[in-house]
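Owing to the predicted nature of the structure, the values given are computational and were not obtained by experimental measurement. Values below: all heavy atoms of this structure, side chains included; hydrogens, waters and symmetry mates excluded. Just so we're on the same page: letters track the sequence lines, and every chain starts at 1.
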Amino acid sequence: MSPRRRRLPWFAGLVLAALVVAAVFAPYLAPHSPTEGDLIKKSIPPIWMEGGNPEHPLGTDRFGRDVLSRIIWGSRISLVVSLVAIGVAGTLGTLLGLVSGYRGGRTDAVLMRLTDIGLSLPTILIAVVMVAVSEPSFRNVVLVIALLLWPRFARQVRGETLAIKEHDFVALAVVAGRSSAWIIRRHIFPNVVPTLLVISTLQVGYVILLEGTLSFLGVGVPPPNPAWGLMIADGRGFLATAWWMSLFPGLAMLLTVLAVNLMGDWLRDHLDPRLRQVGPQVELLGPAVTQPESTPARGIAAASGEP
Amino acid sequence: MGGVGGSGAAPPDVDILSYLVGRAFQTVLSMLVVVSIVFVLTRLSGNPIYLLLDVNATQRDQEILTRHLGLDKPLPVQYGIYVMNVAVGDFGNSIISRRPVTEHIWERLPATVELGFVAMFLSVLIGVPLGMYSAVRRGGVLDTAARVFAVLGQSMPTFWLGLMLILFFGVVLGVLPAGGRGGLLHLVLPAFTLGYFTSAAILRLTRSAMLEVLGSDYIKFARLKGLHEQVVLWKHGLRNALLPVVTFAVLLFVQFLGGAVVTETVFAWPGLGRLILESITTRDYPVVQAGVLVLSALYLTGNLCVDLLYSYLNPRIRHVSS
Amino acid sequence: MNRPFAIALALLTAWFSLLAAPSSVAAKPEGTLTVAVATFGNERWLPHLYVGAEDVVLKPMYENLLTRDPKTGELAPMLAERWQVLDGGRTWRFHIRKGVRFHNGAELTAEDVRFTFASIAKEGSANSLAPEFRAIKSMEVENPHTLTVHFDKPFVVFGNKVNQGLFASCAFIQSKRHIEAAGEQGAERQPIGTGPWKFVEHVRGDRIVYEAVENHWRATPHWKRLVFSKVPEPATRMAMLRAGSVDVIEIGGEYVDELKKVNVRTIVMPNVSWVYIILGGQWPTKATYDPKVPWAQPDAERARKVRLALNLAVDKQAIMQRVLGGLGTVLGSWLAYPADPWASETLKKPFPYEPAKAKQLLAEAGYPNGFEVTMNLTAWPGRGYLPDVGEAVATYWERVGIKVKRRPVDRAVFSADFRARAYSGVTLAYASPLVAPEMWEVLYRGAYTKASLNLFMEHPRLDEFIDRLAVQPNYQERVRIMRDEMGPFLHDYIPGVAIGAAHAIAGVGPKVGEWPLIAGHMGFHNWEYVTRK
């Protein structure tokens with residue numbers, strides 16, 4: 001079946017564009033400092049409410065910090081956390097996946113069991129232990145997330161590699177005496193890129209949520225950083241008196257994650273034919289990507305890992 | 001072990017028994033690695049004795065307690081003792097309660113299984129019909145709406161969704177309990193919070209599996225035979241698309257057992273995830289170690305079963321669809 | 001003989017009359033009172049095994065030798081119907097009340113009390129009163145209802161160690177025979193005490209169920225069942241209270257406005273902790289001393305200027321109003337409640353908020369561009385607002401040019417570091433609960449160089465005060481020393497950043513009637529006096 005291609009989700013595109021603009025131009029866009037507050041100006045409601053202040057369109061938080069400015073600066077944190085964490089995890093996972101899938105045999109067995117182990121660990125709990133070991137800091141949170149993410153990439157890239165390996169052009173290259181490294185670089189990797197793109201996009205949402213979850217458990221990005229997750233977690237007990245503290249960052253997070261997910265779905269559909277070639281199970285990998293609080297859907301990935 | 005596990009499923013002609021043994025052996029090895037990782041991580045995270053004694057406790061009290069807990073021995077020795085004990089099924093005693101760790105885990109398991117099972121059920125209940133619909137009406141407005149609804153579930157932190165549900169159904173409407181474990185009603189909100197989050201994954205999975213099956217010659221043939229479209233869809237379509245969904249759901253269930261830390265915390269649900277989380281904060285090494293080990297063993301076994309199932313079923317699926 | 005509590009709730013009269021009259025007047029207990037708390041502590045039940053946060057959930061079923069008069073704050077009889085202090089404080093004789101029964105029916109005797117004290121003092125004991133009970137030289141059971149305790153040195157405040165109304169570990173009286181017969185494990189699974197509530201069920205980390213003891217010698221509860229539920233998330237506790245699933249919740253003062261907004265009744269427990277910022281590293285004789293820490297440097301003059309600047313930079317009034325929900329009093333001293341007899345006017349007067357002056361002082365001390373400090377953020381049981389206080393103070397400090405790094409740490413890491421005195425150059429918001437009624441007793445633990453641990457500072461003058469106070473049997477004289485000598489010394493020395501004395505609150509549902517509390521007592525207590533509506 002040749003799928004009808006969906007149109008580019010303009011809504012998602014718009015949201016993501018806004019996110020990037022906010023992140024890049026935060027210092028120019030934000031009316032106030034995201035971290036300096038004045039207790040005297042605590043919990044000012046949004047502008048349209050009684051007691052609102054035009055200085056603070058979305059109100060202020062419990063420490064008198066401007067909510068809008070914190071959301072704008074927070075987009076930078078969300079973006080950086082997800083880009084770096086996914087960058088690190090993606091690079092590591094892709095490398096291992098490529099090697100594992102291409103080499104096969106013992107290397108593959110060892111690497112895949114390692115991946116299994118990585119996937120079998122309860123993500124959140126391990127993250128809490130790791131942050132307790134290293135104490136919460138922006139860098140450590142990113143690293144911990146990356147460490148928990150790489151097996152997802154390894155799993156899927158390996159499955160892809162296995163399928164691509166079967167193609168004639170790879171066999172020809174082998175016959176032509178090309179080195180493994182060359183083949184991986186020139187033949188396998190380019191064919192893996194679309195899948196990578198899809199998984200990475202879908203992971204962005206997961207990473208942003210994970211940051212929030214870690215903040216809830218007290219092991220996220222340390223205060224007073226304007227991380228969205230931290231803001232939501234911080235305001236969760238004040239919904240009757242200062243709902244704006246957590247609702248607006250919550251909306252920002254919701255829109256962003258929604259947008260990246262829709263974008264990821266679109267990408268997956270868009271790149272469908274190529275994914276199709278690999279076999280039915282790889283298509284199943286997509287859904288497995290975003291998971292409950294903790295763990296990825298290893299099952300399907302695992303099942304498809306050994307077709 | 002390499003050749004067998006590496007290239008994947010057992011080719012039909014390979015002795016299935018040796019494959020099984022090989023995989024089982026690998027799973028055990030994996031668990032050993034898990035034990036080691038958790039052992040090292042917990043030891044690095046700090047000493048529990050400071051939470052067991054008052055800040056004014058003397059050096060001598062500290063030494064006595066350390067010795068009593070066996071924490072005075074060199075790490076490799078502690079590790080050796082632990083691994084040997086675990087090998088014979090002894091997970092030791094909790095440092096905090098001094099009761100057997102297994103007792104604590106058994107105590108929490110019913111609540112966890114209950115929640116995980118209902119959450120999985122809800123997830124499937126939301127995900128499968130929407131996924132089917134989305135596959136059949138692909139690209140339509142309702143397809144988008146269904147997907148947006150499902151994706152919304154995984155667009156906000158679970159703790160946030162949980163609190164909103166508590167406030168709305170527990171406080172504003174007052175129709176559901178706000179927290180704690182009790183009757184069936186107590187299950188609704190936490191299970192929905194957990195299940196809604198994963199329903200998008202189920203939807204995607206159902207949708208692509210359905211698309212896959214519907215595009216197959218098998219279905220084309222069924223249509224050619226002039227079967228009613230509904231019959232084609234439900235009987236032939238869904239049945240064949242269901243296998244990945246079911247296996248996924250099973251693994252989801254396994255994950256819910258330990259992956260529901262936040263939901264359990266928000267809803268004051270006395271489950272395994274919270275037990276481990278709280279044991280991390282008190283540095284109750286044996287509980288953390290055993291808890292994580294149980295969870296990853298469940299996963300690894302589940303994974304193994306799925307692999308075996310697939311290697312058994314795959315040829316047929318292939319046969320059907322090509 | 002002890003600190004009087006001027007702030008006595010009107011409700012206390014009811015409590016007092018109940019205390020005086022035996023339980024016969026009380027109606028039959030009915031209904032279930034459900035309480036949601038954040039933590040059960042380590043969930044240990046035996047005196048040498050519980051370390052702290054348990055007291056809230058253990059109090060209903062246990063009793064102490066003494067209690068406090070809620071009106072005057074003076075020691076009052078409980079399991080001991082009277083007591084004598086002999087030999088300048090070297091000997092304490094307790095006359096145990098006759099006819100008090102444990103939940104298994106056995107009568108309480110002096111043997112049980114001796115057994116309890118010995119357990120607390122045992123080697124490896126976790127009880128935070130262990131150092132105090134180890135000062136006991138010998139104990140004599142003179143007859144089944146008289147116990148005499150001997151000390152080498154005068155122990156003038158031993159009565160404060162055996163009473164109800166302290167935070168953290170308490171000397172709850174245990175049954176010797178039950179523990180010896182059932183063994184530690186058995187006794188922990190089926191604990192018994194003499195309190196108005198008896199143990200029914202304990203599901204670790206989830207709930208603890210008690211049942212009223214009918215015809216209790218002191219007070220028969222109004223409620224048939226008392227259920228403690230562990231609900232770690234404060235927002236959930238508030239929702240559960242509003243939804244009617246629980247009747248009482250433990251909640252921090254920072255949520256007081258939130259509860260008011262949704263019309264939830266709150267009960268204020270006045271003056272239960274001193275909030276201040278610890279400036280770590282003021283311990284020149286210790287291995288971890290770092291002379292480069294601005295507020296602890298050897299140049300005492302400059303160090304004091306820095307400490308004063310750190311005080312002046314902070315708007316304490318704003319923190320009290322906006323972070324602590326206005327529940328408390330800003331003070332200019334350390335470890336004194338406004339009503340304490342040693343809290344003189346000078347000590348009560350807060351340090352003003354003068355950022356400009358603070359900047360100038362920093363410049364004079366040699367830090368015109370400020371310096372870098374770490375602010376530890378740790379939440380303690382019942383004091384969830386501490387990270388917020390730390391954050392607010394950090395923001396104020398940043399305004400006078402100090403660079404503040406926030407470091408969220410959990411309690412395990414914190415405790416280990418604390419013990420190792422790893423806090424040179426580190427500051428932290430702390431709230432000291434009432435672990436002892438007289439301020440020097442707290443300092444004995446917190447600052448005495450000869451004590452087992454230094455929590456935040458050491459100073460020879462301080463040691464001298466404590467040496468004198470510890471053997472001064474006259475309460476009035478102790479008050480004088482604290483008011484006229486020790487208090488002014490601390491006020492002048494400025495060991496940390498004083499914020500003030502804070503209240504605690506509880507959220508209460510519609511089924512709960514009156515709930516008389518002992519002033520200054522942190523954590524829930526007096527369940528047996530809670531009436532039904």
Side-chain angles (χ1 to χ4, degrees), chain A residues 1 3-4 6 104-106 108-110 112-113 116-117 119-126 128-130 132-133 205 209 212-213 216-217 229 232-233 236 239 246 250 253-254 257-258 261-262 265 280-281 283-284 286-295 297-300 302-303 305-307, chain B residues 1-3 5-9 26 29-30 33-34 41-42 44-45 138-139 147 151-152 154-160 163 167 194 197-198 200-201 204-205 208-209 211-212 214-215 244 247-248 251 255-256 258-262 276-277 280 292 295-296 299-300 302-303 306-307 310-311 314:
Chain A
M1 169 175 172
R4 194 157 33 116
R6 270 191 229 143
R106 219 165 265 273
D108 183 42
V110 170
M112 277 310 106
R113 289 295 82 74
D116 271 355
I117 292 165
L119 291 169
S120 82
L121 293 170
T123 316
I124 297 281
L125 295 169
I126 295 298
V128 173
V129 180
M130 292 215 271
V133 171
L209 288 182
T213 300
F216 170 79
L217 295 171
I232 304 173
R236 68 182 187 272
L239 296 173
S246 49
M253 185 184 277
L254 188 113
V257 180
L258 194 63
N261 273 322
L262 291 177
D265 278 352
Q281 296 86 353
E283 167 78 3
L284 309 182
V289 171
T290 319
Q291 271 304 303
E293 297 151 0
S294 50
T295 28
R298 294 80 67 119
I300 297 311
E306 309 194 328
Chain B
M1 84 185 221
S7 56
Q26 288 175 12
L29 265 186
S30 299
V33 177
V34 169
L41 271 181
T42 48
L44 282 177
S45 69
R138 191 172 187 206
R147 283 183 308 119
V151 168
L152 263 182
Q154 48 175 223
S155 300
M156 53 192 128
T158 346
F159 71 85
W160 180 249
L163 284 175
L167 281 178
L194 208 51
F197 195 93
T198 44
R204 287 203 189 103
L205 189 56
S208 24
L211 287 176
E212 197 65 39
L214 291 182
T247 43
F248 179 72
L251 281 150
Q255 288 162 25
F256 283 152
V261 189
V262 172
I276 302 175
L277 180 74
I280 292 173
V292 173
L295 291 178
S296 59
Y299 165 72
L300 290 170
N303 200 18
V306 169
D307 279 4
Y310 263 70
S311 61
N314 246 357

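Of the atoms belonging to B/Ile280, it is side-chain heavy atoms, and not backbone ones, that fall under 4.5 Å from chain A. Only the side chain of A/Leu217 has a heavy atom closer than 4.5 Å to any heavy atom of chain B. Within the 4.5 angstrom heavy-atom criterion, atoms from both the backbone and the side chain of B/Leu277 approach chain A.
To the nearest 0.5 Å, atom OH of residue B/Tyr299 and atom CG of residue A/Asp116 are 5.0 Å apart.
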Are A/Leu125 and B/Leu295 close enough, and set up right, to give a side chain to side chain contact (heavy atoms under 4.5 Å, CB included), and what steps lead you there? CA-CA 11 Å; A/Leu125 295 169; B/Leu295 291 178; 4.3 Å; yes
Would B/Leu29 and A/Arg113 count as a side chain to side chain contact (heavy atoms under 4.5 Å, CB included) if you check the C-alpha gap in whole Å, the side-chain angles of each, and the deciding distance to 0.1 Å? CA-CA 9 Å; B/Leu29 265 186; A/Arg113 289 295 82 74; over 6 Å; no
Quick one: do A/Met130 and B/Leu41 satisfy side chain to side chain contact (heavy atoms under 4.5 Å, CB included)? Show the steps, please. CA-CA 7 Å; A/Met130 292 215 271; B/Leu41 271 181; 4.1 Å; yes
Please assess B/Phe159 against A/Ile232 for the test side chain to side chain contact (heavy atoms under 4.5 Å, CB included), listing each intermediate value before the final yes or no. CA-CA 9 Å; B/Phe159 71 85; A/Ile232 304 173; 3.8 Å; yes
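For the pair B/Ser155 and A/Val257, the tightest heavy-atom approach, listed with the atom from each and the gap, is CA-CG1, 3.6 Å. The minimum heavy-atom distance between A/Leu209 and B/Gln154, with the atom names listed, is CD1-O, 3.0 Å.
In this structure the side chain of B/Ser296 never reaches within 4.5 angstrom of the side chain of A/Ile117, judged on heavy atoms.
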